[in-house]
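Read the structure below first, then the notes.
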Amino acid sequence: MILEKEKLRANLDRVIWDIEEARVARSEHLIVQLVVVSKYTEIENIKTLYELGQRNFGENQVQQLAQRVEALDELPLAWHMVGTLQKNKINKLIDLNPVLIHSIDSLELAQELNKRLESKGRTLSGLLQINSSYEASKSGIKPEEAIDIYKQIQESCPNLTLKGVMTIGAHSEDTKEIRESFERTYKIYEQLQKSGATICSMGMSGDFKLAIECGSNMVRIGSRLFES
Ligand SMILES: *Cc1c(COP(=O)(O)O)cnc(C)c1O
């Protein structure tokens, strides 16, 4: 559905206000970046949010990302890949030149990405995805293995620049469980700051305030912005 500019403005204002409230509650010094996840919405709405000041957009499928990068070619947008990356889509993703891939979920994927980047003479920034809720349906590295794998990627993948971590909050009605998944991820992020990590990507429409309270500095929000 294509939304009126005023509707999108109201949704955006509310999200920004909520981010601001949670951010200040955590720390005046915390800076939180908003990535608009546009996977369920129309290109027109992306253009409108661009006019309203947004620059960072995310998609979870390479195919749709490609269509949008092409359709919005004339706008100076920064594209994020937030979804699981299939090995056979790696070349295509690299050619789209995203600003950040949030979903590096195994050492094998990192090494495959690095190999293709090397052959193209390119580099790419990414986050290590952590399965902080231990859910079988979610991809990502087990929390206990995260630090070790992060360092292995840094050592073995010179064309892939790790910038931090990403997680999806626990799928639960219980706030305590969701909080634990975020806290677990933040602890890993804190330890990785010594290794150069600067991004802790966590929080979606339903849980971004909680994620920021737990230290997130990058939220990925879709449905809340596109409510009609
Ligand atoms: C879809 C998606 C989001 C945004 O989810 P909403 O609940 O619509 O805000 C964030 N992160 C990832 C990885 C997603 O796939």
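The chain is numbered in sequence order, starting from 1. The analysis underlying the following values was restricted to heavy atoms, covering all of them including side chains, and did not include hydrogens, waters or symmetry mates. Every value quoted in this text rests on a predicted model; they were computed, and no experiment measured them. Numbering of ligands and ligand atoms starts at 1, following listing order.
A 6.0 Å sphere centred on CD of Gln61 holds no more than 12 heavy atoms belonging to other residues, nucleotides or ligands. Surrounding CD of Glu144 are more than 12 heavy atoms belonging to other residues, nucleotides or ligands, all under 6.0 Å away. Within a 6.0 Å radius of OH in Tyr40, no more than 12 heavy atoms belonging to other residues, nucleotides or ligands are found.
Heavy-atom proximity to Val82, at under 4.0 Å, picks out these atoms of ligand 1: 12 (C), 13 (C). Near Ile221, the atoms of ligand 1 lying under 4.0 angstrom from a non-hydrogen atom of the residue are 9 (O). Each of the following atoms of ligand 1 lies closer than 4.0 Å to a heavy atom of Ser205: 6 (P), 7 (O), 8 (O), 9 (O).
At the shortest separation from atom 5 (O) of ligand 1 among protein heavy atoms lies Met204 CE, 3.5 Å. Of the protein's heavy atoms, Arg220 O, 3.7 Å lies nearest to atom 4 (C) of ligand 1. Scanning the protein heavy atoms around atom 7 (O) of ligand 1, the nearest turns out to be Ser223 OG, 3.4 Å.
Under 4.0 Å is where a charged nitrogen must lie from a carboxylate oxygen, and between Arg68 and Glu59 at least one such pair does. Salt bridge Lys187/Glu183: absent, no basic N to carboxylate O contact under 4.0 Å. Electrostatic pairing of Glu227 and Lys7 does not count as a salt bridge here, judged by no charged N lying under 4.0 Å from a carboxylate O.
Taking distance alone, with nitrogen or oxygen atoms compared against 3.5 Å, Lys39 approaches ligand 1 more closely than that limit. Every N/O-N/O distance between Tyr40 and ligand 1 stays at or above 3.5 Å. On a distance-only criterion, Gly222 and ligand 1 share at least one N/O pair closer than 3.5 Å.
For Phe208, there are no ring pair (Phe, Tyr, Trp, His ring centres under 6.0 Å) partners at least two apart in sequence or on another chain.
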